[in-house]
Novice: 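One structure is given below, represented as structure tokens, and several questions about it will come after.
Just so it is clear, the model here is predicted, and its values are computed rather than measured.
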Amino acid sequence: MADFWIIGPIAWDLALYVDHIPPSGHFAQAGESIERPGGTGANVAVALSQAGGRVHMVGYVADDAAGRDMTTTLTAAGVNVDHVQVLPGHTSSVILLIEPDGERTIIGIHPDLLHTITIPVEAVAPGDIVYFAAWHAPFTVPAQTMAAAGALVISVPPGTTPAMRYLIGSRNDFSTIPEDTTAIVTEGAGGVTVHSPGQRDHYPAIPAKAVDVTGAGDAFAAGFLWELAQGRILAEGVKLGLTWAASTVQTKSSMPNTGP
């Protein structure tokens, strides 16, 4: 099976469970607070590794407590961290405000330095799967180089370079639906719509009682990538992604739940 290369954020999360999001100038009391590992890149990497994949994480942490905790989390999950770079400053951290229906508001704390990392282009082999869990303009040339060398390169929007076979993101992530790339648009409880050149297919969500939707999109992406690595068709990837997403929203965690 192909190796996975996951390029994206590694973050330490503070989840606050609130009964509502207050308007400006008002107050809300958290009923519960949880510190936990997260970050869209780390989430996908851990999910794939726990499923049995060979996974390489590409991102950054700082030399701080959060960075050490995240490196330990990734390593314990079986993720290769040789390409996790240690940068000056702070490991990414976010505050999550989670409402009773499971929806969350995300607030970043530290500046995002992901655009400064080095992509290990030469380490990626033909047939490997590369997933950009976040996109910055400096990733364009490495993505094109890896695709030209035979890797399957997938990204979140707006990674609309000629290298991209698939784009995966929520409807809010797409400013427009590209015509020459397969766009996989997640719609939460509304399911997933796949826009291929000349074709549009909808897949309903799997019913689930949501307590925390954090990581659901990452779970979907991981399931989709997993099926591609097995050589299965796009529809099977979408279905497994929906299954992993439904499982994830039922747990209080930032990282996907890939169990039954």
Side-chain angles (χ1 to χ4, degrees), residues 6 8-23 26-51 66 69-70 72-74 76-77 79 91-109 133-134 156 168-173 184-193 202-227 237-260:
I6 309 302
I10 301 167
W12 192 253
D13 292 353
L14 171 60
L16 304 177
Y17 291 85
V18 297
D19 60 8
H20 69 287
I21 302 297
H26 289 251
F27 174 83
Q29 176 66 51
E32 183 179 5
S33 63
I34 303 172
E35 290 193 41
R36 63 199 194 192
T40 57
N43 291 348
V44 175
V46 167
L48 289 168
S49 183
Q50 290 180 338
D69 287 342
M70 285 306 305
T72 297
T73 297
L74 290 165
V79 177
T91 299
S92 292
S93 298
V94 302
I95 295 172
L96 302 166
L97 303 179
I98 302 166
E99 300 173 76
D101 64 356
E103 288 297 332
R104 81 279 186 262
T105 299
I106 306 173
I107 303 170
I109 299 175
V156 299
I168 305 174
S170 71
R171 188 61 188 88
N172 291 336
D173 294 330
I184 301 170
V185 183
T186 60
E187 301 164 354
V192 169
T193 301
H202 183 75
Y203 300 80
I206 296 172
K209 181 175 175 54
V211 297
D212 187 342
V213 303
T214 310
D218 303 328
F220 174 84
F224 180 78
L225 297 175
W226 180 259
E227 292 292 72
V238 172
K239 291 175 183 177
L240 183 62
L242 287 167
T243 298
W244 284 6
S247 180
T248 296
V249 301
Q250 299 177 70
T251 63
K252 290 183 175 181
S253 174
S254 291
M255 290 196 157
N257 179 9
T258 58

Novice: Just grab all the side chain to side chain donor-acceptor pair (under 3.5 Å) pairs involving residues 95-105, residues at least two apart or on different chains.
Specialist: none
Novice: Check Ala222 against Leu48 and note the closest heavy-atom contact, atom names and distance.
Specialist: O-CD2, 3.3 Å
Novice: Would you find a donor on one side and an acceptor on the other, under 3.5 Å apart, between the side chain of Ser49 and the backbone of Ala77?
Specialist: yes
Novice: Which pair of non-hydrogen atoms, one from Ile98 and one from Ala15, has the smallest distance, and what is that distance?
Specialist: CD1-CB, 3.8 Å
Novice: Applying side chain to side chain contact (heavy atoms under 4.5 Å, CB included), run through Val156 and Asp173 and close with a yes or a no.
Specialist: CA-CA 8 Å; Val156 299; Asp173 294 330; 5.8 Å; no
Novice: Distance-only, no hydrogens or angles: does the Glu227 side chain make a donor-acceptor pair with backbone N or O of Gly223 under 3.5 Å?
Specialist: no
Novice: How many angstroms lie between OG1 in Thr248 and CG in Asp218, if you round to the nearest 0.5 Å?
Specialist: 8.5 Å
Novice: So, applying side chain to side chain contact (heavy atoms under 4.5 Å, CB included) with Phe220, which one of Thr243, Val192, Leu240 is it?
Specialist: Val192
Novice: Could you state the interatomic distance from CD (Glu32) to NZ (Lys252), rounded to the nearest 0.5 Å?
Specialist: 3.5 Å
Novice: What are the two closest non-hydrogen atoms of Ala205 and Gly188, and how far apart are they?
Specialist: CB-O, 3.8 Å
Novice: Ignoring hydrogens, what is the shortest heavy-atom contact between Asp13 and Ser254? Give both atom names and the distance.
Specialist: OD2-OG, 2.6 Å
Novice: Starting at CD1 of Ile95, measure out to CD1 of Ile109 and round the result to the nearest 0.5 Å.
Specialist: 4.0 Å
Novice: Please report the closest heavy-atom contact between Gly38 and Met70, naming both atoms and the distance.
Specialist: O-CE, 3.4 Å
Novice: Apply side chain to side chain contact (heavy atoms under 4.5 Å, CB included) to residues Tyr17 and Asp212 and explain how you reach the verdict.
Specialist: CA-CA 9 Å; Tyr17 291 85; Asp212 187 342; 2.6 Å; yes
Novice: Sequence neighbours left out, what passes side chain to side chain contact (heavy atoms under 4.5 Å, CB included) with Ser253? Give chain and number order.
Specialist: Thr251, Met255
Novice: What is the distance from atom CH2 of Trp12 to atom CG of Asp69, rounded to the nearest 0.5 Å?
Specialist: 4.5 Å
Novice: Where is the tightest heavy-atom contact between Val249 and Ala216, given as atom of each residue plus distance?
Specialist: CG1-CB, 3.6 Å
Novice: So how far is it from Ile6 CD1 to Asn43 CG, rounded to the nearest 0.5 Å?
Specialist: 11.0 Å
Novice: Give, for atom CD of Gln29 and atom CG of Leu16, the distance between the pair rounded to the nearest 0.5 Å.
Specialist: 9.5 Å
